[in-house]
Each structure stands twice: as structure tokens, then as C-alpha cells.
Amino acid sequence: MFSTAFLDVPPLTSAGGTVFLPGSKSISNRVLLLSALSQGSTTLHGLLESDDTRVMLGALRQLGCEVRQTGSTVEIDGLAGRLPHPKGEGTCSLFMGNAGTAIRPLTAALAVLGGDFELRGVARMHERPIGDLVDALRQLGCQIDYLGQAGFPPLHIGHATLKLDKPIRVRGDVSSQFLTSLLIALPLVAQKSIVIEVLGELISRPYIQITLKLLERFGVVVKREGWQRFTIAADSQFKSPGALQIEADASSASYFIALGTIAADHRNKIRIEGVGADSIQGDIRFIEAAQKMGAQVESGSSWLEVSRGSWPLKAIDLDCNHIPDAAMTLAVLALYAKGSSTLRNIASWRVKETDRLTAMACELRKLGATVEEGADFIRITPPASPDHWRAASIHTYDDHRMAMCFALAAFNPAGLPVRIEDPGCVAKTFPDYFEALFSVVQALPHAIPVICMDGPSASGKGTLAAALAKALGYHLLDSGSLYRITALAAVQAGLTLDSLQEQTIAALATKLKIEFDQNLVRLDGVDVTAAIRSEEAGMNASKVAAMPQVRLALLNLQRGFRQLPGLVADGRDMGTVVFSDAPLKVFLTASAEQRAQRRHKQLISNGISATLPSLRADLQARDARDSARSVAPLKPAQDAKLLDNSDLSIEKSLALVLHWWQGKQPFGAI
Ligand code: C5P
């Protein structure tokens, strides 16, 4: 997950491959509760791991439900519609965080079953209305009291005396979640058939469809007359379906459907696992819109395959009321269409995570598009030619969907990168979005940025390179460790580190099985992190590093680290040999005295004893060998920036290098 201040997405050229998407949020929390209320055990596969589902799982456990979780698979022993006495005496207090999809159906279920419960949340939850649901539940005899402001959580739920002979009325024009909550709760007490009547125009109907379809999977059929009247049959009971695969999130799928539409060849499509065209989620109808614009889409029961059909894409004029979230992705697809596209009936964009209409118009304009913004529509005309595209730093307004859809602007014909500010905001629904994206897109090799950080031993380049990689969300190559590992492998194989063994050591270097896992380094599955860090290992590394054939053997391995979104490479010849086309090369030095002291401190803090004079002598010997060798001697690249950090803190050095890097970007200052 990227939690950097910004993420620069390099210009992208093509896409192809398979993505596995996180589970649907709407389905996840509904089926958790339904499983808990059912008779029998249910195994749920593909559960979304998010704040909302964690809140629901916590509450179910507190209510006495047995829950066993392994990653995204959860096994729940249902309570068969009865609540065991919660552990301990007195009121059972449930913490709901800010999870609207948890508090509403739980309130309804607990209220009809009755008991002694308190439901609370974070401050923001106490500002989110629940009055219409409480009114509906009170009508049928539920005992609910507001503990704070009337109409809002926190709530107390007591014992109910139910009167179910008259239809229950609920408003449908504020949130469809109130109706969903009643539909999930009332089968628990349907000794006789129960009628629910909706007051006002029912909004978000696709979400009610999801509820009805899931109720059916749990054995409860609801008769629907239009969108006004719903009848729950007498003697309804929830029965576990055994196992249930939760569909992947259809709104998340829209970015990858769009990706295939823009950039996948029919021989190498984008395959999306976990959701098919027959999905019960409303946003799946994004497919139809993408097809209108030119997408080729094939589908199976839980997969989609998408590739480019027509190009440029065809402009559309579409009422998007049925796919409000996924329609944001259409706005970015419109950048690749011939002519102007109009997305209509999207007034709801104004009241989402941010005012999405204004935000979208503003950021699309930054890219060079012409945008007309109406009260409930947006019209987008792409930049007239590649010359009219602009490199933009996209503000994301703490809105996950802004970040996700604008990354797709990196396919612009001008070959410009796109900066996404606050990329971590995708965590709301898709924490690994950028990782998933980078796993199925390609860029021209030279378009993937590399920052080289070369310099002598103990100059601080390892620390600075790691800090830089962290700040930019880039990969890190510690090339010294490859020489250290090669030397270790050679010693373990009983080889002497002299030129007679050069060929054998080089052959060994091409076959190394190395894994970098967080801060651990493994050779042939064995942890060698500590073994390669000793001073002796450094000396040995410098010996094998002087062998031309060994250097050649490690060249491709090092170049393989140049992956999206970018790389910081630390070593001796990163700028001169391995990544000679890198846009920024830094040569880091510090006085011999400073370097010996730093190394001394480092060793002592790792519990390794060493003396300053011997360290200084070792470093000088190593530098001398590194500088004198015939291939790739240690020296700054011609176009390197020299940085003597003898008197600089790591923060200051980092700020300086970031400043140099910003100066090379087309976005201007941050
Ligand atoms: O950077 P580190 O101290 O881990 O490197 C160990 C040795 O590996 C260096 O002294 C140098 O001889 C060699 N090396 C190299 N080229 C690189 C990185 C390290 O020759 N790019």
C-alpha cells in the first residue's frame, strides 16, 4: 500500500494479465450478518477486509457467535435466529466505529429480537441519521431509546412487544439501507407474513436488489410489488447456504474494465477474477457503458476479460443514474474518445466523499481537457492533440475513486507521467489498488524512473536510498548486497576469492536464488541477512566485485529491479554502468573520518565490536580496491550530482535529493 505524499505514475503503454479484486463491501457485511442469524455454519470466501467488516465481525463475536477467520475466508456458526445471553451481566455494549453498513442492519435485527444492548460509534457516526429506521421499528413495538441526540446514535435497545399485523412503513428516499435493514431483520420474527411499505420514491434500487438476492441465498423469499411493497412470507427462516463466494467489488472492477478498454490487446487481455457480467451488483452495468465506448468484453460466471475494440474510443451521451460510482471511471475514459462525452443525471456526485462533479471537472482540466460542468451533468472534450495534454498533479480530495480513476490518465498519447496526490486514500475500498494496477500494465523501460545513489562504503547511501524509496513509493535495489551474497555463496562452496576462480564464481552468480523479503535477505531459502553484513563479508564482496565476469553476471539481475512505479538504486556503478540513462544520479561522499565513525556506531549498535582505526583502514582499503579495479571503478558518473553529507543530517540530505528530483519532474514544486 502506498502511503506517500504523492505517487508519480510513469507514462504507460499497454496492459494485460490477471487481477484479483477485493470483495464487495455491500455484499460482505450483509452476508456476515445473515450467516450469523442463520441455522448452520457458513463459510464465506473472498470477504473484504476493511474497517466496516472488522466492526461487524467484532459485534457478532460479542453477541456470542463463533467466528473463525483465515485471511479473507471466514467460518461462522449461525445462531439460528436466537441470541444467546451475551457474556457477563448487564447491558451488552457494541462499538460500531463509523460503519454504516454494520449499525443499521444490526440495530434492526437486535431490536426485533429484543434484549439489553447499546450501540455506539465514533463521533462522525453520532452525526449520521438513523431516525427513519428507528421510527419504523418503533411502529412494530421495538423498544429503542436515543442516548444522545434524537434521530442519531448512540442507541439503547430493550425488550420488544411486537405487533406485526399492520404493514410497516419506512421512508425510502433518504437511504435504502433502512429498507435493507428491515428486510434482513423481519424474517427473524415472521410467524405470520409481514408487509413493508416504502414511503416516497425508493432510491438506490440496485442495493435493494442485492439484499433480496442474498436473502434468497439464505432461504428467504420476499415478494416485491413494484418498489413500494415487500412481503415476507410466514414462517421464513434463515438457512445457511453452506459455503458462499463473495463477489469481487464491481465498482473496483470498473478501473480494470477501463484499463482493458484503453490498453489491452485481444491477444493479451485484462482478466478480472471474482466478478462476472451476471453480478448482483448494480455497478456491473458499467460494462455496457464501456462497450458503447468500444470495449470488447467476455464474461464467465465469476470472471471478465476485457480488451480494446475500437480506437479512439467512441464518445457517449449517457444517463448514469444507475452507476453513479463507476461513472467516474467513464469520465476518464472520455479522455480517449473522439469528440465530447456527456454523463448525465449525476447530481448525487455532489454529496459523496467530496463534491465529485467539481473535483472531476477541475482535475480533468488540469490534464488539458475542456470540461463543462452542469448542476447534474459533466461534458468532457479530450485535449485536441498530444501537444495539448499537460502533466498534472491530481488532487484526490480524500476520495478513493478520484485516485483510482485518474491513474488511468497515464496512457495519454503525449507520454506524460501523472502525479496522484495522497494515493493512500484508496484504502477505503481497495488498499492494494496501485500494486494491482502495476502488476498488469507496462511502460517503456526507459520511462520507468531510476534514481542512482552511488558512493564509497559507509557514505550513508544505504540509509538515504531507503528513505528516498520510501518517500516516493519506489522499489529499492541494494546492489552491494548482491556482491555480498555472491561472495558468501562462493565461500560456502569452498571457493577461494581469487581470479583463478572468476569463471566459477560468475557462473554461481547467475544461479543465485535470492529473496528480498521486507528487511530479510534469503539465499536458497536460508536467512543470510546478518551473515552478509559483517565487515569480512564486505571485504569479500569487494574482492568478487573486482572480477569483470562477476559484474557481467549480475548485470541483468540488477536491471530487473527497474519496475513500476520506479527504482532507487544504491551502489558503486549504478549511474556509470547499470542505469546509465537514469534521470537523476547522486554521488554521495563523506570524509573518511565521518564514514569510519558512522560504521563504528552502526556496528556497535548491532552488538559487533570494532575499533575506529581498524575500521578506517578497512574502508580505505576497500575504497582503494573499488576505485582501482579495471571494470566499473568507483567514480561519479559525468552527469552525477555530488553530495558531501559529512555535515548533513539524513533529513537534510533527503530533502535536498527530493528537491533535485522535483526539479526534474514536469509537475512543478509540491
Ligand atoms: O555497498 P556495500 O558495502 O554493501 O558493497 C559491498 C561491496 O560490493 C563494495 O565494497 C563494492 O566492492 C561492491 N559493490 C560494487 N558495485 C556495486 C555495489 C557494491 O562493486 N554496485
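Both counts, for ligands and for their atoms, begin at 1 and track the order of listing.
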Less than 3.5 Å apart, N/O on ligand 1 and N/O on the protein: could you list those pairs with the distances?
from	atom 1	to	atom 2	distance (Å)
ligand 1	1 (O)	K461	NZ	3.4
ligand 1	1 (O)	R572	NH1	2.9
ligand 1	3 (O)	R484	NH2	2.8
ligand 1	3 (O)	R572	NH2	3.4
ligand 1	3 (O)	R622	NH1	3.2
ligand 1	4 (O)	R484	NE	2.6
ligand 1	4 (O)	R484	NH2	3.2
ligand 1	10 (O)	R572	NH2	3.2
ligand 1	10 (O)	R622	NH1	2.9
ligand 1	10 (O)	D626	OD2	3.0
ligand 1	12 (O)	D626	OD1	2.7
ligand 1	12 (O)	D626	OD2	3.2
ligand 1	16 (N)	R551	NH2	2.9
ligand 1	20 (O)	R551	NH1	2.8
ligand 1	20 (O)	R551	NH2	3.3
ligand 1	20 (O)	R629	NH1	2.9
ligand 1	20 (O)	R629	NH2	3.0
ligand 1	21 (N)	S479	OG	2.9
ligand 1	21 (N)	R572	N	3.0
ligand 1	21 (N)	D573	OD1	2.9

Under the ring pair (Phe, Tyr, Trp, His ring centres under 6.0 Å) rule, collect the residues that match up with Y397, sequence neighbours excluded. H395

Are any of the side-chain nitrogens in D573 or R551 under 4.0 Å away from the carboxylate oxygens of its partner? yes

Is the closest basic N to carboxylate O distance between D581 and R562 below 4.0 Å? yes

Side-chain ion pair, E273 and R271, N-O less than 4.0 Å: yes

Any ring pair (Phe, Tyr, Trp, His ring centres under 6.0 Å) pairs touching residues 410-431, not counting sequence neighbours? F430-Y433

Going by the side chain to side chain donor-acceptor pair (under 3.5 Å) test, which pairs reach into residues 400-410, not counting sequence neighbours? Y255-R401, E353-H400, H400-T429

